[in-house]
Every structure is written in structure tokens, then in C-alpha cells.
Amino acid sequence: MLIIDILVKLNCPVFPYRYISKPPILLLLVAYYYFNNTQTRQAKYRWTMTSLICFFIGDVLIISHQNIVFFSVSLLMFTLGKLFLSFRFSHKSDFQVKRLISFSIIMFAFTVGLISFIYEGLKGFFLPVIISYFISLLLFQFVYLRKDVVDKRSYLFVFFGVIVYMISEAVMVIKTFKTDLPFQELIIMLFYGAGLYLIVHGMIIEKKVQEVNLFEPVSDLKD
């Protein structure tokens with residue numbers, strides 16, 4: 001469906017074809033998560049489903065991005081979607097502050113560089129875009145902190161999924177507020193869809209890392 005939507009986006013008029021080809025992408029992701037989710041914590045399930053619904057609404061509205069109202073509401077929906085995913089990936093396990101600081105500096109520098117590059121074109125969207133990218137940074141931090149909390153396979157799927165999604169997001173804001181880029185439409189849709197799929201798949205296969213009590217008797221560990 002993602003390939004079909006990309007072909008439609010590149011070769012067909014927006015109305016009505018994009019409204020037919022684009023919605024099934026998120027609907028299929030919702031169905032994929034609904035029927036394969038093994039998460040026992042209902043809160044995490046609700047955060048994920050709410051996030052996917054927000055992405056779906058944002059997806060439909062941003063098709064008519066020339067409409068300032070539709071574009072504004074879609075930006076809000078994508079921001080809420082990332083916020084709910086941040087809630088989904090949050091946890092109470094201990095983490096290394098030093099490692100988090102180094103990672104945060106890199107992400108903050110990337111965000112500041114991007115915002116500085118598109119600053120002149122933001123105008124009235126300066127505050128909404130700043131908030132949206134702050135939520136992206138928050139989401140990436142929570143995803144990064146899943147390391148050693150969940151199994152490596154799930155961690156890598158979600159981690160690279162967020163990276164791919166953020167590349168799509170960066171190309172989108174550059175195209176919208178600054179200048180056109182080569183293959184921008186292909187990159188935006190391909191990376192957006194692939195990123196969300198990797199994130200959802202990573203959540204479905206997620207397994208908690210079992211913490212071993214070093215003071216527990218060896219015989220009990222074997223049991």
C-alpha cells in the first residue's frame with residue numbers, strides 16, 4: 001500500500017486519488033498492531049492505539065496541506081501522535097545519565113541546526129514547529145533509553161524506525177518552509193511509512209529483559 005500511495009502521489013491528481021490510496025497505510029498498521037499485540041499492560045496498548053489514530057487523522061488532513069487550517073491541525077495531530085508514543089516508551093528503569101546527556105546534546109544540535117536553516121520561512125508556525133521538534137527529541141530520548149530494558153531486536157527496530165521517521169519529518173519541514181529537495185516526495189512518504197512500520201513492529205515483538213538477582217542462589221536461578 002505504501003508503494004501504491006507513492007506512485008499515486010507522484011503520478012495522479014491529489015483529489016480523489018490520494019484520499020483513496022493514503023488512508024489504508026495507517027489503517028493496515030492499526031490492524032497489524034491490534035491483531036498481533038501481546039502487550040499485557042493496557043496503558044501501553046492505549047497509548048499506542050491513540051498515537052496511531054492521531055497519525056491517521058494527520059495523514060488525511062495533510063493531503064490538502066495548501067489549506068492552512070488542515071495543515072495546522074495535521075501538525076497538531078502528528079505532534080500528539082509523537083507525544084503519545086513517548087508515553088508508550090517511557091519506563092521506570094535506571095539509566096546512565098552520562099550516556100543520555102551525550103545523546104541529548106547531539107539531538108539538540110541537530111534540532112537547532114534544522115530550525116535555524118528554516119527559521120525565515122516559519123513565520124507564524126515558529127512556535128508549533130519548535131514544540132513539535134521538542135516532542136520529537138523527547139520521543140527519541142525515551143526510545144534511546146529502552147536499551148537494556150527490552151530485547152535488542154525490539155530496541156533496534158524501534159530505534160531505527162524513529163531515525164527513519166525523523167528523516168522524513170526533516171525533509172518535510174525543509175520542503176514546506178524553506179526549499180525543494182531532490183526526490184523529496186519519494187523520501188517523505190517512503191521514510192514516513194517505513195519508519196512507522198519499524199516502530200510498530202518493534203513494539204509487537206518487544207520482550208522485557210529479565211533482571212537477574214546476583215544474590216539469588218544458583219539452584220534457584222536454574223529453576
Side-chain angles (χ1 to χ4, degrees), residues 2 5-6 8-10 14 18-19 21-23 25-26 29 50-89 103-144 158-200:
L2 179 59
D5 183 54
I6 291 173
V8 169
K9 182 178 179 66
L10 296 177
V14 170
R18 285 305 306 289
Y19 288 95
S21 66
K22 193 169 187 180
I25 297 174
L26 262 294
L29 269 181
T50 305
S51 172
L52 292 176
I53 291 172
C54 287
F55 279 116
F56 174 77
I57 297 173
D59 251 4
V60 174
L61 292 176
I62 205 170
I63 294 174
S64 300
H65 61 272
Q66 295 87 355
N67 185 307
I68 192 69
V69 176
F70 283 7
F71 179 77
S72 300
V73 178
S74 70
L75 180 60
L76 174 62
M77 289 296 103
F78 288 129
T79 302
L80 289 176
K82 292 182 292 185
L83 180 62
F84 293 138
L85 276 184
S86 299
F87 294 154
R88 163 60 179 82
F89 292 128
F103 177 79
S104 299
I105 290 174
I106 295 173
M107 290 306 304
F108 181 75
F110 168 79
T111 302
V112 170
L114 180 62
I115 296 298
S116 300
F117 181 67
I118 64 174
Y119 175 76
E120 293 182 358
L122 289 175
K123 299 179 181 178
F125 283 97
F126 176 77
L127 186 58
V129 170
I130 288 291
I131 294 174
S132 181
Y133 261 90
F134 172 78
I135 301 300
S136 294
L137 178 60
L138 182 67
L139 171 61
F140 210 176
Q141 286 178 328
F142 279 126
V143 168
Y144 179 70
V158 175
F159 184 80
F160 286 113
V162 173
I163 290 178
V164 171
Y165 174 86
M166 291 186 68
I167 292 174
S168 169
E169 189 177 51
V171 175
M172 180 66 183
V173 297
I174 292 174
K175 167 206 166 184
T176 304
F177 298 109
K178 184 67 176 183
T179 184
D180 289 334
L181 297 172
F183 310 109
Q184 58 187 12
E185 304 297 342
L186 174 63
I187 293 174
I188 291 171
M189 282 309 303
L190 181 60
F191 281 45
Y192 169 76
L196 286 183
Y197 170 76
L198 292 173
I199 293 171
V200 171

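Listed by chain and residue number, Asp5 satisfy the side-chain hydrogen bond (donor to acceptor under 3.5 Å, both in side chains) test with Ser21 (two or more places apart in sequence, or in another chain). In this structure, Phe56 has no ring pair (Phe, Tyr, Trp, His ring centres under 6.0 Å) partners at least two apart in sequence or on a different chain. Partners of Ile68 according to the side-chain contact (heavy atoms from CB on, under 4.5 Å) rule, which considers only residues two or more places apart in sequence or in another chain, are Ser72, Phe125. Among residues two or more places apart in sequence or in another chain, the side-chain hydrogen bond (donor to acceptor under 3.5 Å, both in side chains) test is passed with Glu185 by Lys9, Lys175. The ring pair (Phe, Tyr, Trp, His ring centres under 6.0 Å) test applied to Phe103 returns Phe140, Tyr144, not counting sequence neighbours. The side-chain contact (heavy atoms from CB on, under 4.5 Å) search around Ser168 returns Ile188, Phe191, Tyr192, not counting sequence neighbours. Residues satisfying the side-chain contact (heavy atoms from CB on, under 4.5 Å) test with Tyr119, not counting sequence neighbours, are Phe126. Remark: Phe142 engages Ser86, Phe89, Ser90, Leu138 in a side-chain contact (heavy atoms from CB on, under 4.5 Å) (not counting sequence neighbours).
Closest approach of Ile187 and Val171 over heavy atoms only: CG2-CG2, 3.9 Å. The two atoms that bring Leu29 and Tyr197 nearest to each other are CD2-CA, 3.9 Å, heavy atoms only. Heavy-atom minimum distance, Gly58 versus Ser74: O-CB, 3.5 Å. Nearest approach of Val69 to Asn67, heavy atoms of both residues: N-OD1, 2.9 Å. Taking both residues in full, the closest heavy atoms of Ser51 and Gly81 are given as OG-O, 2.8 Å, listed atom of the first, atom of the second, then distance. The heavy-atom pair separating Met189 from Leu2 by the smallest distance is O-CD1, 3.4 Å.
Residue pairs meeting the salt bridge (charged side-chain N to carboxylate O under 4.0 Å, His left out) criterion with at least one partner in residues 52-62, sequence neighbours excluded, are Lys22-Asp59. Sorted by first then second residue, the salt bridge (charged side-chain N to carboxylate O under 4.0 Å, His left out) pairs that include residues 114-123, not counting sequence neighbours, number zero. For residues 65-85, the salt bridge (charged side-chain N to carboxylate O under 4.0 Å, His left out) pairs, not counting sequence neighbours, are Lys82-Glu169.
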Exercise answer: donor-acceptor pairs, residues 106-116 side-chain atoms, under 3.5 Å, sequence neighbours excluded:
{"unit_1": "Thr111", "atom_1": "OG1", "unit_2": "Met107", "atom_2": "O", "d": "3.0"}
{"unit_1": "Ser116", "atom_1": "OG", "unit_2": "Val112", "atom_2": "O", "d": "2.7"}

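Considering CZ of Phe183 and CG of Leu190, their distance stands at 12.5 Å, rounded to 0.5 Å. Between Thr176 atom OG1 and Ile118 atom CD1 the span is 8.5 Å, to the nearest 0.5 Å. In this structure, the separation between OG on Ser136 and CD1 on Ile131 is 12.0 Å, given to the nearest 0.5 Å. Distance check: Leu52 CG to Ile57 CD1 gives 11.5 Å after rounding to the nearest 0.5 Å.
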Stepwise side-chain contact (heavy atoms from CB on, under 4.5 Å) test for Val162 and Leu85: CA-CA 11 Å; Val162 173; Leu85 276 184; over 6 Å; no

Check against side-chain contact (heavy atoms from CB on, under 4.5 Å), Leu83 and Thr79: CA-CA 6 Å; Leu83 180 62; Thr79 302; 5.7 Å; no

Worked check of side-chain contact (heavy atoms from CB on, under 4.5 Å) between Phe78 and Ile62: CA-CA 10 Å; Phe78 288 129; Ile62 205 170; 3.8 Å; yes

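Contact of the Leu196 side chain with the Leu26 side chain is registered, since non-hydrogen atoms from C-beta on lie closer than 4.5 Å. The closest side-chain heavy-atom distance from Ile167 to Ile163 is below 4.5 Å. Tyr133 places none of its side-chain heavy atoms less than 4.5 Å from the side chain of Leu137.
Ring orientation note: the planes of Phe177 and Phe71 are nearly perpendicular, at an angle over 60° on the 30°/60° scale.
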